[in-house]
Each structure stands twice: as C-alpha cells, then as structure tokens.
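Here's the structure we're looking at; comments come further down.
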Amino acid sequence: EHCWGQGVFFEPDVYEGGIFMASNISHTSRVWDALVDKNVQGIVDDHGGCEHLRRLIGRGTKLRANELIWMTDCTPHEALSQKSSGYRQFFRLVMPNISHWYAEHSTENPRVPVPDHVVVVHGSKFQAE
C-alpha cells in the first residue's frame with residue numbers, strides 16, 4: 001500500500017500520523033472535508049491525484065494565513081496561485097508512516113536518514129509520463 005503519513009482522527013486534538021500543513025499567505029491552499037478511498041481501483045492516479053472527483057466533492061475550503069491544519073493522506077488538497085506578488089512560506093509536515101519519498105519535491109532532513117523500507121522516487125511527479 002502507498003502511504004504518505006496516513007492519519008487517524010480519534011477525537012478533537014487527538015491524532016495519529018497524518019499531515020500538518022500551513023502557509024503564511026491566505027488563499028494559497030485549499031482542502032476538502034472529504035476522504036478518498038485510495039483502495040478503490042482507478043480512483044487516484046499514480047501520484048494520488050483525483051482531479052476527476054472535483055465536481056463530486058464541492059468547493060473545498062481556502063486556508064487563511066498561518067492557519068495550521070491536520071489531514072490524512074486521503075484528504076484532497078491543492079496549492080493555489082497567489083493573487084499578488086509576495087514571499088510565500090509553506091510547510092507540510094508528513095508524519096512517519098510513509099512508503100514513498102519524492103526526492104525532487106521534498107527536503108531531506110540531514111539528521112534523519114530515509115528509512116530503508118521507503119522507496120525513493122526520482123524525477124518530477126508533475127510531468128506527464
């Protein structure tokens with residue numbers, strides 16, 4: 001199974017795994033209150049994309065500046081273009097349950113090696129294959 005943080009919500013402020021995300025500029029990220037069952041054949045592409053579901057899951061919520069959210073690795077989310085010029089600081093902290101690590105898109109922690117069981121993927125995940 002491909003996992004990128006996984007994530008289980010038990011009750012308010014009690015989480016296991018998952019992904020924390022924030023940006024310093026409003027409306028540059030959007031998240032949906034939905035979960036995509038990645039075990040359903042063909043529901044996501046090789047990189048977890050699910051653009052074809054957009055019309056079914058609604059408009060989503062644009063995040064405010066400095067708003068920290070938690071989500072699972074099955075939560076639809078996207079980056080949005082900035083409306084005006086400015087320096088954007090964005091982070092996504094993926095908790096330890098991962099199966100694949102995209103070297104071109106992630107910052108390696110020099111103090112923590114990528115675990116042996118994790119598949120390191122080289123090249124852009126955004127270019128057509």
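Note: hydrogens, waters and symmetry copies are ignored here, and every other heavy atom, side chains too, is used. Sequence positions, counted from 1, serve as the residue numbers for this chain.
- Between the CH2 atom of Trp70 and the OG1 atom of Thr75 there is a distance of 7.0 Å, given to the nearest 0.5 Å.
- The local environment of CZ in Arg64 is sparse, with at most 12 non-hydrogen atoms from other residues, nucleotides or ligands closer than 6.0 Å.
- The cluster map of Ile, Leu, Val, Met, Phe, Trp and Tyr, joined by side-chain heavy atoms under 4.5 Å apart, puts Val31 and Ile25 in different clusters.
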| Given the rule in the side chain to side chain contact (heavy atoms under 4.5 Å, CB included) test, do Leu68 and Phe91 qualify, once you have shown the distances and angles that lead to the verdict? | CA-CA 10 Å; Leu68 175 67; Phe91 85 92; 3.7 Å; yes
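- Of the candidates Lys62, Arg92, Arg88, His77, Arg88 is the only one forming a side chain to side chain donor-acceptor pair (under 3.5 Å) with Ser29.
- More than 12 non-hydrogen atoms from other residues, nucleotides or ligands lie less than 6.0 angstrom from CG of Asn24.
- A 4.5 Å side-chain heavy-atom check between Pro76 and Val36 finds at least one atom pair inside the cut-off.
- Rounded to the nearest 0.5 angstrom, Glu67 CD and Thr61 OG1 are separated by 8.5 Å.
- Other residues, nucleotides and ligands contribute more than 12 heavy atoms inside 6.0 Å of the CG atom of Asp37.
- Going from atom OG of Ser26 over to atom CG of Leu80 covers 11.5 Å, rounded to the nearest 0.5 Å.
- Between Trp32 and Arg59, the closest heavy-atom pair is NE1-C, 3.4 Å.
- Note that the CD atom of Glu11 and the CG atom of Asp13 stand 9.0 Å from one another [nearest 0.5 Å].
- The environment of Tyr87 atom OH is sparse: at most 12 non-hydrogen atoms of other residues, nucleotides or ligands sit within 6.0 angstrom.
- Rounding to the nearest 0.5 Å gives a distance of 6.0 Å between CD of Gln82 and OG1 of Thr28.
- Residues His100 and Val118 share a closest heavy-atom pair of C-CG1, 3.9 Å.
- With rounding to the nearest 0.5 angstrom, the OG atom of Ser99 is 7.5 Å from the NE2 atom of His117.
- Using a 4.5 Å cut-off on side-chain heavy atoms (C-beta onward), Ile19 and Leu93 make no contact.
- Cluster membership check: Val44 shares its hydrophobic cluster with Val40, using side-chain heavy-atom separations under 4.5 Å among Ile, Leu, Val, Met, Phe, Trp and Tyr.
- Within the 4.5 Å cutoff, side-chain heavy atoms of Met21 are placed close to those of Met71.
- Side-chain atoms of His27 do not come within 3.5 Å of backbone N or O of Ala65 as any donor-acceptor pair.
- Between Phe20 and Ile69, the closest side-chain pair of non-hydrogen atoms is not below 4.5 Å.
- A side-chain donor-acceptor contact under 3.5 Å links Glu104 to the backbone of Ser124.
- When hydrophobic clusters are built by joining Ile, Leu, Val, Met, Phe, Trp and Tyr residues whose side-chain heavy atoms come closer than 4.5 Å, directly or via intermediates, Phe90 is grouped together with Val94.
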